[in-house]
Asks: 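I am attaching a structure below and will ask some questions about it afterwards.
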Amino acid sequence: MVKERIDTLRRELERHNYLYYVENRPEISDFEFDLLLRELQDLEAAHPEWDDPNSPTHRVGSDLTSEFRTVKHRFPMLSLGNTYSLDELREFIDRIEREERRVEYVCELKFDGTAISLSYENGRLTRAVTRGDGEQGDDVTTNVRTIRSVPLLLQGENWPSMFEIRGEVLMPYASFEKVNREREEAGEQPFANPRNAAAGTLKQQASSVVARRGLDCTLYQLAGDEVQQMSHWESLEAARRWGFKVSEHGRLCRSWEEIEQYITEWDERRKTLPFPTDGVVIKVNEPAVRRRLGFTSKAPKWAVAYKFKAEQALTRLNEITFQVGRTGAITPVANLDPVQLAGTTVKRATLHNAEQIALLDIREGDMVYVEKGGEIIPKITAVELKERRADSVPFHYIEVCPECGTPLVRYEGEAKHYCPNQSGCRVQIVGRIIHFIRRKAMDIEGLGDETVELLHANGLLHDVADLYDLQALQLAPLPRLGEKSAENIIRSIRLSKQVPFHRVLFGLGIRFVGETTAKQLADHFRSLDRLMTASREELLETEEVGGKIADSILEYFADEQNQQIIHRLREAGLQFVAEERRRASDALTGKSFVVSGKFSISRDELKKLIEEHGGRNVAAVSGSVDYLIAGDKMGPEKRKKAEKLGVKMLSEEEFMALIVADDLPAKLTEEVAPQPEQIKEETPVQGTLF
């Protein structure tokens, strides 16, 4: 009975996912959907023997890190030739019709995302692979399973027992804007366009991050032995019946005039779509004609992509102003005469940095071309020099902060200028406090941006630690507050002391440390004290931490004022230690481990096992480390250092044997310390993993 209920819930949830994300006609409320999902989660938790990677419960993703394996495509993913004018496209059509008569074409919108190939066996999603070089790509199945418009189980009937379907993973405009807002709040560089955002998200190590970013997926091409006889139009109709999201905007055309009409129509209508498109793909419909036309070495001769021209508008740049971010980053902004562009009124455009302004020789008063194209954020692409005024003078980039007057600095390897006056620049101070109270950080309710500005202006807030010294009597007399609001704010500040460590770390606002990186650091180091004393080498051992992030962390904790703020936050009672993980046994108590290389499970899972059995994870090999667990492709430097220091090395199997062993001390000292020569045979060095 329980297994039948689990299967029923999975089918129902998949059906409702399809109705909501593909058909856009939900039958039940979000609340009702959540009740069904919760019931399934509870049943699966009680019966792990019936777990299924294609269960709807897996769409929320995991925080565990996984490596992407390279997979060879069963059918190559070829690229398409591009045309940029109707004349070129007409020549392409004429070449086909000189060889073939009565040709049918399918015109489809060209989606501006990242290509994906999905494999299905017996109606179940088994693999999702990126395009890569066309011959092989990265296995991103875990991440793709979180995309709600991708069916995990097919519906309908008569689908092939094994086939692939190709398409595009997209980031809709709404998701793109939300993700960029969050990145800017975290002090991270925003994505340039939805295409880059989709590609970057799909390669995230934590699938839980992918699940939150709102990706979509549209499919447009079947591949497989059992689908070769269907026309392309028939295959799209079949894919829809099986539950795939196939664009409803495709059209079957039988003449050049119909193709041209489709392109002209969608060159205008694309501005109303909720996702990015950059052209039209024209494909021959009939498989027999396709086979006769064949391929070049790089692309099919029966399909081509027509690229839309990026939409531009000419308008006047009235003034260049500057914004100061919470990290001190200076962003120049072009203030324009309002102009219509891609369906919206544009008044401002980013100028990125001083180099960009100098490269285009942009000056106040110039007539400039503004473009969106694949970008959501308007940008200036060129200056109309014929319209430049005779009295025009080159623009001089500011040398001091527009808020506090401090001379700007430009760090090595950075394109932007920065205001270094972190403790005295009003905008930076207020920005850091606003970041600290955000929902994904300390989640302090009742303190909006305006209230933080008000408290700072009245001398009550100079840094984030001041929040924990506030009293209701100080707040109540201020404009727009009163006793009740003041009490609610103080209560929320008090409750924030229970916020877990990784969110506290994110709230500190360390440059380049976003939400995901903060969680990785918290999981790796487990306490702020360990993080504060970590070396650059130890920081680089953390997942998703590169040189730039490591240097920023070191710089933050070296600052005396930051140290004082942390001391006050510690005194206030904030969580500076990660929650204790459930301990399965004391088998490894007192032992320290370094994990290096590739294993049958992720390194994070291996480290979790160490901690669950009482052991301690260490980032780097040293004389105080007890064991190095050596996986495939372990870094050669770690091996050399372990051999030099006499650190015992274990294979994955030998480690697993330890945590179930009865006589641990004897096994550790006598049986499971293989000689370095044995390790060399089992784990050939092929380059460092980190």
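Each residue takes its place number in the sequence, starting with 1.
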Asks: Assign the ring pair Tyr411 / Tyr418 to parallel, tilted or perpendicular, where the plane angle (0 to 90°) is split at 30° and 60°.
Replies: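 Aromatic pair Tyr411/Tyr418 classed tilted.
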Asks: Within the supplied structure, the quantity of interest is the number of heavy atoms (other residues, nucleotides, ligands) at a distance under 6.0 Å from Lys484 NZ; does it exceed 12?
Replies: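 12 or below, so no.
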Asks: I'd like to know if the side chain of Thr146 reaches the main chain of Thr142, judged simply by a donor and an acceptor atom lying under 3.5 Å from each other, with no hydrogens or angles considered.
Replies: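 Checked: no pair found.
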Asks: Please walk me through it: do Thr315 and Asp337 pass side chain to side chain donor-acceptor pair (under 3.5 Å)?
Replies: CA-CA 6 Å; Thr315 189; Asp337 278 348; 4.7 Å; no
Asks: Say whether Thr331 and Lys416, considering side chains only, have a donor N or O and an acceptor N or O under 3.5 Å apart.
Replies: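 Looking only at side-chain atoms, Lys416 and Thr331 do form a donor-acceptor pair, the distance falling under 3.5 Å.
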Asks: If I take atom CD from residue Glu403 and atom CD1 from residue Ile429, how far apart are they, to the nearest 0.5 angstrom?
Replies: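 Spacing of CD (Glu403) from CD1 (Ile429) equals 11.0 Å.
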Asks: Are Phe275 and Tyr173 an aromatic pair, judged by ring center distance below 6.0 Å?
Replies: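 No, ring centres 6.0 Å or more apart.
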Asks: Assess, by modelled atom type and distance only, whether the side chains of His396 and Glu399 contain a donor and an acceptor separated by less than 3.5 Å.
Replies: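 There is such a pair between these side chains.
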Asks: May I have the step-by-step check of side chain to side chain donor-acceptor pair (under 3.5 Å) for Asp139 and Thr141, ending in yes or no?
Replies: CA-CA 6 Å; Asp139 186 333; Thr141 310; 2.5 Å; yes
Asks: Taking side chain as C-beta onward, heavy atoms only, is Val210 less than 4.5 Å from Val144?
Replies: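 A side-chain contact under 4.5 Å is absent here.
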Asks: If we count only N and O atoms by modelled type, under 3.5 Å, do the side chains of Ser423 and Gln561 hold a donor and an acceptor together?
Replies: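 Judged by distance alone, the side chains do pair up.
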Asks: Flag the pair Pro402 / Val324 as yes when at least one side-chain heavy-atom distance between them is below 4.5 Å, and no otherwise.
Replies: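 Counting from C-beta outward, Pro402 and Val324 do come under 4.5 Å.
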Asks: Specify the closest pair of heavy atoms between Glu541 and Lys638, including all atoms of both residues, with the distance to one decimal.
Replies: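 Scanning both residues, the minimum pair turns out to be OE2-NZ, 2.7 Å.
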Asks: Here's one to test your reading of the geometry: is the NZ or CZ of Arg213 within 45 degrees of the ring axis of Phe176 and under 6.0 Å from its centre?
Replies: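 Judged by the rule (NZ or CZ under 6.0 Å from the ring centre, within 45° of its axis), Arg213 is not positioned above Phe176.
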Asks: Side chains of Asp463 and Arg568: does their closest heavy-atom pair fall under 4.5 Å?
Replies: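 Yes; the side chains approach each other to less than 4.5 Å.
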Asks: Measure the spacing between CE of Met171 and CG of Leu202 and express it to the nearest 0.5 Å.
Replies: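 Separation between the atoms: 10.0 Å.
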Asks: State, without any angle test, whether Asp443 and Ser496 hold a side-chain donor-acceptor pair at a distance under 3.5 Å.
Replies: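 No - no donor-acceptor pair under 3.5 Å links their side chains.
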Asks: Could you tell me whether Glu319 and Arg348 make a salt bridge, using a distance below 4.0 angstrom between a side-chain N and a carboxylate O?
Replies: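 Looking at Glu319 and Arg348, the cut-off is not met.
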Asks: Closer than 4.0 angstrom, basic N to acidic O: yes or no for Arg439 and Glu445?
Replies: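 Salt bridge: no.
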Asks: For the pair Asp366 (side chain) and Leu317 (backbone), establish whether a donor and an acceptor sit closer than 3.5 Å, ignoring hydrogens and angles.
Replies: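 Such a contact is absent between Asp366 side chain and Leu317 backbone.
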